[in-house]
Amino acid sequence: MRNRPDTGPASRPPHGKDGRAAALAAFDRSDDAADLARTRADTVPATEAARSEDGAVTAALRFEHGGVAVDLQVRAHGRTRSLSGLVTGDFEHAVLRVRRPGATASPTVGDDGRFSLDGLPRGPISLSLLRTGRPPVVTAWFTV
């Protein structure tokens, strides 16, 4: 028995293609030549503290590569997250990109190396650090 168009298997939901596009966007190929920063510290506070107050630190991470380090704190604000951190090491000017599936944000890195970004939905992110005269450095994907 042949399937007629109106009796065949259910078609994909309209959001099915959106998920594929988001997955492909998560693997942005523009940083393929970048160096990978190693995760040197990954601490998670007690669950009770992270859930009990707005703005509580849910993770503290440190990434290092070739004379540069990024210290990062992730804070919970209900259904969203914020990042704050410090870039230290050998650089004159740095641009930080926060990569998410389907989106990229670039918080300003101050002269002192500090940066922050608010209003992030929970989910996977990766950081990409661009420095003058150096190859880019990226982190592995992690979840906020």
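- Rounding to the nearest 0.5 Å gives a distance of 6.5 Å between CD1 of Ile125 and CG of Leu72.
- Among Val138, Leu130, Leu127, the one residue that satisfies the side chain to side chain contact (heavy atoms under 4.5 Å, CB included) test with Arg97 is Leu130.
- Applying the side chain to side chain contact (heavy atoms under 4.5 Å, CB included) criterion to Pro121, with sequence neighbours excluded, gives Arg100.
- The distance from the NE2 atom of His77 to the CG atom of Leu120 is 9.5 Å, given to the nearest 0.5 Å.
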Would you list the atom pairs, donor with acceptor, under 3.5 Å between side chains in residues 83-94 and any protein atom, with sequence neighbours excluded?
| unit_1 | atom_1 | unit_2 | atom_2 | d |
| --- | --- | --- | --- | --- |
| Asp90 | OD2 | Arg134 | NH1 | 3.4 |
| Asp90 | OD2 | Arg134 | NH2 | 2.4 |

| Residue pair Phe115, Thr108: steps toward the side-chain contact (heavy atoms from CB on, under 4.5 Å) verdict | CA-CA 6 Å; Phe115 63 90; Thr108 301; over 6 Å; no

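- Contact record, Pro101 with Pro124: CD-O, 3.4 Å, taken as the closest heavy-atom pair.
- Proximity of a side-chain donor or acceptor of Ser126 to a complementary backbone N or O of Arg99 within less than 3.5 Å is not detected.
- Applying the salt bridge (Lys or Arg N to Asp or Glu O under 4.0 Å) test to pairs two or more places apart or on separate chains, those with a residue in residues 66-85 are Arg62-Asp71.
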